[in-house]
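Reading through the structure tokens given below for one structure.
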Amino acid sequence: MAPDFEFVVVGQGLAGTAVAWQLRRRGRRVLVLDRGDPHAASRVAAGLITPYTGRRVARTWNLDHCFNIAVGYYRSSQAETGATVFHHAPALRLFAGAAERDVARGKIDATRFDRGIDPAWFAAPHGGFDLTPAARLDVPRFLDAYRALFQEHHAYRAFDLDPAADVEPTDAGVRLPRLGVTAGWVVFCEGAAGAGNPWFPAVPYNLAKGEILTLRVPGLGEPRPVHRGVWLAPQGGDVFLAGSTYDRDDHTPTPTAAGRAAIEAGLREFSKLPFEVIGHRAGVRPVLTTTRPMLGVHPRHRLAVLTGLGSKGALYAPTYGAMLVDHLTDGRPIDAAVRLVQSQ
Ligand SMILES: Cc1cc2nc3c(=O)[nH]c(=O)nc-3n(C[C@H](O)[C@H](O)[C@H](O)COP(=O)(O)OP(=O)(O)OC[C@H]3O[C@@H](n4cnc5c(N)ncnc54)[C@H](O)[C@@H]3O)c2cc1C
């Protein structure tokens, strides 16, 4: 007998949305489950896509390939949902010192240096450069738009699945008795919660908590996200997000006074205008020791996983969601660089 759904996707963050989108595009019968975790990384994230990071001005892994796919995916999704959530525009990187500027000189075209840095807003004695290609995704609005669309097509259920107790693999697929559903495949896209999933013990999680502040900065008219260790990202009017911290030891989704102080201190190093903190949130990033996404299937059961989007879910979810679906539906190989290797 055919299963109720060809695919059940567990989790509707950036990963699960990309997987479900690809499956629906191929005409597959999909059910998406989500338990509505308000601290899920995708609910907290700023959605910035940044091509160079850190003091060494390191280029993001696999940027060009993933960026092109992301632009196509988010533009299609805007057309499908009618929600304007994706902004493809440069960001601004300010240098913390002369050494950083020297490093960047060897990598970045000179015409991109020192464009439109307003001295009334920023202390930037070493200048900076325009980061491109860059983009910004309003992640919560994007997810809400897809949740509504999946609901409209009877492809969404609010449900907290216990992977240990609720998943019964069979020869033909998977039974989910508490949900009352059978599936051809179950695809886990649980983010950091996947660290407790007993079906995929080989995924090498190395989770990292992050905190973000919402600020009011009267008088700041900078339209670009600005990066200088801490980043500042415009949200409309005088509201900005600022972040983020990176903590490998604390995996609770609770905002901390230390996190807030670190962001405020980083901000004061380059932002001249006074600001008021109006919000503070935290989430845990699904980072792996490989620092790359990871995807694959269980060696014996019809279970699959997409995780490890780390700090770059907006960039990586479209590419690796498509790669997993290509594998599940057409048997196309998964790139060795991101393939899960698990013997049992
Ligand atoms: C502070 C912070 C700032 C960030 N900033 C950026 C940024 O600027 N740009 C960027 O690209 N990325 C950023 N990230 C990273 C980004 O958030 C993640 O890469 C991405 O959101 C991970 O998506 P995911 O779908 O894998 O996991 P999640 O977002 O965690 O989604 C998992 C979903 O699954 C659901 N779920 C989990 N387990 C179950 C279960 N058993 N049953 C039912 N539902 C379940 C949860 O409710 C959740 O909705 C940031 C992260 C943090 C924490």
Side-chain angles (χ1 to χ4, degrees), residues 8-20 31-50 53 60 66-67 70 74 91 134-140 142-144 146-147 156-167 176 178-179 186-199 203 205 207-214 225 227 230-233 241-247 250-251 253 255 259 263 280-288 291-295 305-318 320-321:
V8 168
V9 177
V10 183
Q12 197 238 329
L14 286 167
T17 302
V19 167
L31 178 66
V32 180
L33 307 178
D34 197 287
R35 65 184 179 201
D37 178 357
H39 307 291
S42 303
R43 290 281 157 189
V44 173
L48 304 176
I49 299 182
T50 311
T53 50
T60 297
C66 295
F67 193 85
Y74 292 121
R136 194 157 45 87
L137 176 72
D138 184 336
V139 189
F142 168 75
L143 297 179
D144 288 346
Y146 269 102
R147 179 161 303 185
Y156 181 88
R157 295 258 289 269
F159 191 82
D160 185 359
L161 185 97
D162 178 345
D166 290 332
V167 175
L176 302 166
R178 198 162 59 88
L179 189 66
V186 171
V187 185
F188 289 104
C189 300
E190 299 173 279
N197 187 313
W199 299 104
V203 178
Y205 284 97
L207 305 178
K209 174 175 176 172
E211 300 185 41
I212 287 187
L213 302 180
T214 308
H227 297 255
V230 162
W231 49 254
L232 189 62
L241 294 178
S244 50
T245 58
Y246 201 90
D247 185 341
D250 176 5
H251 297 160
I263 298 168
H280 184 186
R281 57 199 206 229
V284 182
R285 303 173 183 89
V287 184
L288 308 185
T291 67
R292 291 181 184 173
M294 186 169 277
L295 45 145
V305 64
L306 169 59
T307 187
L309 299 184
S311 304
K312 300 189 169 64
L315 176 67
Y316 289 145
Y320 295 104

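For ligands, and for the atoms within them, numbers begin at 1 and follow the listed sequence.
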Closest heavy-atom contact between [X] and [Y]?
X: G321; Y: A18; value: CA-CB, 4.3 Å
X: G313; Y: P318; value: O-CD, 4.3 Å
X: A41; Y: P286; value: CB-CD, 4.2 Å
X: W199; Y: V167; value: CZ2-O, 3.6 Å

Got the closest protein heavy atom to [atom], with its distance?
atom: atom 5 (N) of ligand 1; result: A46 N, 3.5 Å
atom: atom 27 (O) of ligand 1; result: G191 CA, 3.1 Å
atom: atom 14 (N) of ligand 1; result: A45 CB, 3.6 Å
atom: atom 31 (O) of ligand 1; result: G13 CA, 3.6 Å
atom: atom 25 (O) of ligand 1; result: A15 N, 2.9 Å
atom: atom 37 (C) of ligand 1; result: E190 O, 3.5 Å
atom: atom 10 (C) of ligand 1; result: S311 O, 3.2 Å
atom: atom 41 (N) of ligand 1; result: L161 O, 2.7 Å

For the 3.5 Å polar cut-off, considering only N or O atoms, please tell me whether [X] and ligand 1 meet it.
X: A193; value: no
X: R35; value: yes
X: L14; value: yes
X: A40; value: no
X: L48; value: yes
X: S42; value: yes
X: R285; value: no
X: G47; value: yes
X: G16; value: no

Do L207 and V287 touch side chain to side chain, with heavy atoms closer than 4.5 Å?
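Side chain of L207 against side chain of V287, heavy atoms only: no contact under 4.5 Å found.
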Heavy-atom distance under 4.5 Å between the side chains of S244 and R285, does that happen here?
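They are in side-chain contact.
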Pair Y156-Y146, ring-ring contact (aromatic ring centres under 6.0 Å, His included): steps then yes or no:
CA-CA 10 Å; Y156 181 88; Y146 269 102; over 10 Å; no
Is the side chain of [X] donor-acceptor paired with the backbone N or O of [Y] at a distance under 3.5 Å, no angle test?
X: Q12; Y: L143; result: yes
X: R281; Y: V44; result: yes
X: R136; Y: A233; result: no

Which of the numbered atoms in ligand 1 are below 4.0 angstrom from a heavy atom of [X]?
X: G36; value: 47 (O)
X: G310; value: 15 (C), 16 (C), 18 (C), 19 (O)
X: G210; value: 1 (C)
X: D37; value: 46 (C), 47 (O)
X: V44; value: 1 (C)
X: I212; value: 1 (C), 3 (C)
X: A314; value: 10 (C), 11 (O)
X: G11; value: 33 (C), 34 (O), 35 (C)

For T307, is the nearest heavy atom under 4.0 Å from an atom of ligand 1?
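False for this residue.
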Can you tell me which portion of [X] lies within the under-4.0 Å heavy-atom range of ligand 1? Options are side chain, backbone, both, or neither.
X: P286; answer: side chain
X: F159; answer: backbone
X: A317; answer: neither
X: V139; answer: neither

Parallel, tilted or perpendicular: which fits the ring planes of Y316 and Y320, with parallel below 30° and perpendicular above 60°?
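Plane angle over 60°, so perpendicular.
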Hey, mind stepping through K209 and D247 against salt bridge (charged side-chain N to carboxylate O under 4.0 Å, His left out) and telling me if it holds?
CA-CA 5 Å; K209 174 175 176 172; D247 185 341; over 6 Å; no
For atom 48 (C) of ligand 1, tell me which residue out of V9, L33, D34 has the closest non-hydrogen atom.
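The residue whose heavy atom sits nearest atom 48 (C) of ligand 1 is D34.
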Take L137 and L14, measure what side-chain contact (heavy atoms from CB on, under 4.5 Å) needs, and give me the verdict at the end.
CA-CA 11 Å; L137 176 72; L14 286 167; 3.9 Å; yes
Quick one: do W231 and T50 satisfy side-chain contact (heavy atoms from CB on, under 4.5 Å)? Show the steps, please.
CA-CA 11 Å; W231 49 254; T50 311; over 6 Å; no
